[in-house]
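In listed order, ligands and their atoms are each counted from 1.
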Amino acid sequence: MQSIRVTGGKPLSGSVTVVGAKNSGLKLMAAALLAPGVTTIRNMPDIADVDIMSEVIGGLGAVVRREDHALIIDATHIGSYEAPYEMVSKMRASIIVLGPLLGRLGRARVAMPGGCNIGSRKIDLHLRGLAQLGVEITSGHGYIEASAPYGMHGATIVLDFPSVGATENLLMAGAAAQGTTIIENAAREPEIQDLIQFLIGMGARIEGAGTSTVIVEGVSSFTPVDHAVVGDRIEAGTFLAAAALCGGPVTVHGVEPEHLELVLAKIAAAGAEVTTGPNSVTVRRTGPLRPVDVATLPYPGFPTDMQPQFMALMAVADGTSVITENVFESRFMFADELGRMGADVTIEGHRALIRGVAGLSGAPVKSPDLRGGAALVLAGLVADGTTTVGDIHHILRGYEAFVDKLAALGADISLIDEDDE
Ligand code: UD1
């Protein structure tokens with residue numbers, strides 16, 4: 001078991017390059033199942049979640065090979081339609097193979113994802129939408145069985161909520177259905193736009209990328225594609241929050257600044273200077289950190305995946321901030337750990353009241369989930385003394401070389417084996 005040890009108080013400066021977005025790359029790997037032949041996905045993050053998705057699609061028959069940051073997927077033979085529980089329980093995003101398997105084989109058997117430590121995450125919208133496309137769905141013994149023996153047909157689907165995963169599953173199923181599928185109230189995240197570009201490259205006919213109405217004309221076959229994953233706006237936002245916390249200047253390369261519009265506006269409101277380039281953002285702060293209120297919402301709203309990192313920032317701001325979490329239930333678990341470092345946070349339902357304190361103190365803490373874990377590391381960067389963050393498998397799931405990248409910016413940080421303690 002490894003931990004991250006960070007000693008606070010070091011200035012952070014320099015530049016760092018982010019890789020492709022985890023939340024796009026994983027979906028593109030699933031989408032590759034649609035096309036017989038060899039698909040190449042570039043700018044793929046080297047993280048544990050990609051290894052799990054490789055196992056998931058490998059179990060279905062794809063042959064996956066990594067060459068540096070490229071993933072080469074041979075989906076010539078897809079012989080199985082089952083994503084077993086041992087995989088889906090490791091990574092909930094495995095549910096995304098449902099749409100492509102239905103498109104490729106006309107059936108899928110996928111384990112039901114369990115609860116997750118950022119609140120209950122249902123899949124009713126995925127299943128309801130697929131049923132509208134003519135998919136017969138049954139569930140039992142922990143599995144969802146989905147089949148479209150006579151093929152899928154287009155339909156107009158109005159999502160109750162712009163769910164990222166449901167939009168993606170329906171895009172991929174709709175791309176292979178007969179006729180026109182219209183997804184209303186679709187999610188608009190940059191990762192969805194990336195998936196749409198990928199599918200179009202494979203031969204799909206899709207209009208409305210980046211809007212809440214996506215129109216998909218089904219096609220009968222797909223061809224492999226060579227595609228580079230969109231830059232990871234959440235990885236970028238995490239380093240920019242670290243820069244705002246420690247002062248910077250830090251330049252993050254490899255991200256589209258417009259994908260971070262609201263995050264950058266909030267970082268500026270917190271008192272930092274934000275400069276953008278064509279594919280980069282620089283953050284520097286010389287004055288005091290000001291309190292800011294944020295409310296998470298589907299894109300282009302403030303991303304829920306940046307909420308914990310912002311709480312770390314607000315924990316040491318000069319005043320009181322309110323964070324309202326509108327996307328997930330109980331996504332404040334890391335706040336208790338932040339409290340162990342001296343943060344003053346009161347949670348009331350889906351709101352957190354953060355009274356800024358003059359300083360945090362280093363402590364042993366545990367990472368409750370991916371972004372909460374990253375936020376604890378950020379807090380450690382400015383805490384007095386040493387913070388040891390445990391359960392970092394959560395962090396390693398989603399950040400490539402997180403410790404090395406922060407160390408290169410000047411942080412006093414290292415990966416340690418708990419046995420060394
Ligand atoms: C994706 C991202 C995750 C991000 C989230 C919101 C991946 C691998 N994960 O997760 O990092 O935080 O988008 O930006 O891309 N819901 C339902 N029924 C459904 C589907 C969703 O009620 O059928 C609810 C969920 O419980 C949750 C909310 O909708 O409260 C958002 O979920 P969704 O947008 O689907 O997120 P994910 O795709 O799971």
Side-chain angles (χ1 to χ4, degrees), residues 20-31 45 47-50 52-53 56 87-88 90-99 110 112-132 137 139 144 146 157-173 183 185-195 212 229-230 232-235 237-238 259-260 262-263 295-310 324-334 350 369-375 394-395 397-399:
K22 163 181 96 72
N23 287 353
S24 176
L26 295 174
K27 321 307 169 62
L28 303 185
M29 291 173 73
I47 51 172
D49 270 7
V50 169
I52 297 173
M53 189 57 102
V56 172
M87 289 294 146
V88 181
K90 272 197 224 168
M91 187 180 68
R92 208 184 163 281
S94 315
I95 190 78
I96 208 65
V97 297
L98 202 48
V110 179
M112 271 192 270
C116 165
N117 48 5
I118 55 173
S120 87
R121 295 172 77 160
K122 295 186 281 253
I123 54 164
D124 55 319
L125 303 176
H126 303 231
L127 301 184
R128 240 190 284 155
L130 290 172
Q132 282 185 266
I137 295 169
S139 64
I144 294 154
I157 300 161
V158 185
L159 293 176
D160 288 1
F161 179 88
S163 152
V164 170
T167 303
E168 291 165 338
N169 254 329
L170 296 172
L171 266 170
M172 291 190 270
I183 309 171
N185 200 20
R188 294 187 276 164
E189 272 68 3
E191 294 76 26
I192 302 236
Q193 299 177 41
D194 202 30
L195 173 63
S212 51
V229 184
V230 67
D232 196 324
R233 65 195 163 104
I234 306 300
E235 186 193 4
T238 303
H259 293 165
L260 280 165
L262 203 46
V263 171
T296 68
L297 279 172
Y299 191 82
F302 189 89
T304 174
D305 288 351
M306 278 301 299
Q307 179 261 101
Q309 301 88 314
F310 247 71
T324 308
E325 173 56 60
N326 294 310
V327 178
F328 287 111
E329 297 168 22
S330 48
R331 201 184 184 166
F332 287 133
M333 261 110 38
F334 69 99
H350 67 130
D369 57 56
L370 167 58
R371 307 302 171 185
H394 292 295
I395 302 177
R397 270 184 46 209
Y399 288 93

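- The ligand atoms of ligand 1 that sit less than 4.0 angstrom from a heavy atom of D124 are 17 (C), 18 (N), 19 (C), 22 (O), 23 (O).
- Under the 3.5 Å distance criterion, the side-chain polar atoms of D305 are left unmatched by any main-chain donor or acceptor of R371.
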Check against side-chain contact (heavy atoms from CB on, under 4.5 Å), I234 and M306: CA-CA 7 Å; I234 306 300; M306 278 301 299; 4.1 Å; yes
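- A donor-acceptor contact shorter than 3.5 Å links the side chain of N326 to the backbone of T296.
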Side chain to side chain donor-acceptor pair (under 3.5 Å) assessment of S212 paired with R188: CA-CA 6 Å; S212 51; R188 294 187 276 164; 4.8 Å; no
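- Heavy atoms of Q307 found under 4.0 angstrom from ligand 1: none, in either backbone or side chain.
- When non-hydrogen atoms are compared, ligand 1 lies under 4.0 Å from neither the backbone nor the side chain of I234.
- In this structure, S24 contributes its side chain and A21 its backbone to no donor-acceptor pair below 3.5 Å.
- Side chain of E325 to backbone of V327: a donor-acceptor contact under 3.5 angstrom is found.
- Less than 4.0 angstrom separates some heavy atom of F161 from each of these atoms of ligand 1: 28 (C), 29 (O), 31 (C).
- Those atoms of ligand 1 that come under 4.0 Å of a heavy atom in R92, given as number and element, are 39 (O).
- When non-hydrogen atoms are compared, ligand 1 lies under 4.0 Å from the side chain of K27 (C-beta onward) but not from its backbone.
- Looking at L125 next to ligand 1, an N or O pair under 3.5 Å apart turns up.
- At a heavy-atom distance under 4.0 Å, only side-chain atoms of D305, from C-beta outward, approach ligand 1.
- Between A30 and I96, the closest heavy-atom pair is CB-CG2, 3.5 Å.
- Every atom of ligand 1 with a heavy atom of R331 under 4.0 Å away is listed here by number and element: 12 (O).
- Without hydrogens or angle criteria, H259 side chain to R233 main chain gives no donor-acceptor distance under 3.5 Å.
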Chi angles and distances behind the side chain to side chain donor-acceptor pair (under 3.5 Å) call for H394, D369: CA-CA 5 Å; H394 292 295; D369 57 56; over 6 Å; no
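- Residue-level proximity to ligand 1 for E168 is absent, since no heavy atom of it falls below 4.0 angstrom.
- Within ligand 1, counting atoms from 1 as listed, the ones closer than 4.0 Å to a heavy atom of V327 are 27 (C), 28 (C), 30 (O), 31 (C).
- Among the atoms of N23, some N or O lies under 3.5 angstrom from an N or O of ligand 1.
- Looking at ligand 1, you won't find any N or O of K22 less than 3.5 Å from one of its N or O atoms.
- Between G165 and ligand 1, a contact under 3.5 Å exists for at least one N or O pair.
- Not a single heavy atom of M91 sits closer than 4.0 Å to an atom of ligand 1.
- At under 3.5 Å, not a single nitrogen or oxygen of A93, backbone or side chain, sits near a nitrogen or oxygen of ligand 1.
- The shortest non-hydrogen separation linking L125 to S163 is CD1-CB, 4.0 Å.
- Looking at Y299 against ligand 1, nothing comes within 4.0 Å, counting heavy atoms.
- Side-chain N or O atoms of E189 include none that pairs as donor or acceptor with a backbone N or O of I192 at under 3.5 Å.
- Between the choices L26, V164, N169, D369, the shortest heavy-atom distance to atom 33 (P) of ligand 1 belongs to V164.
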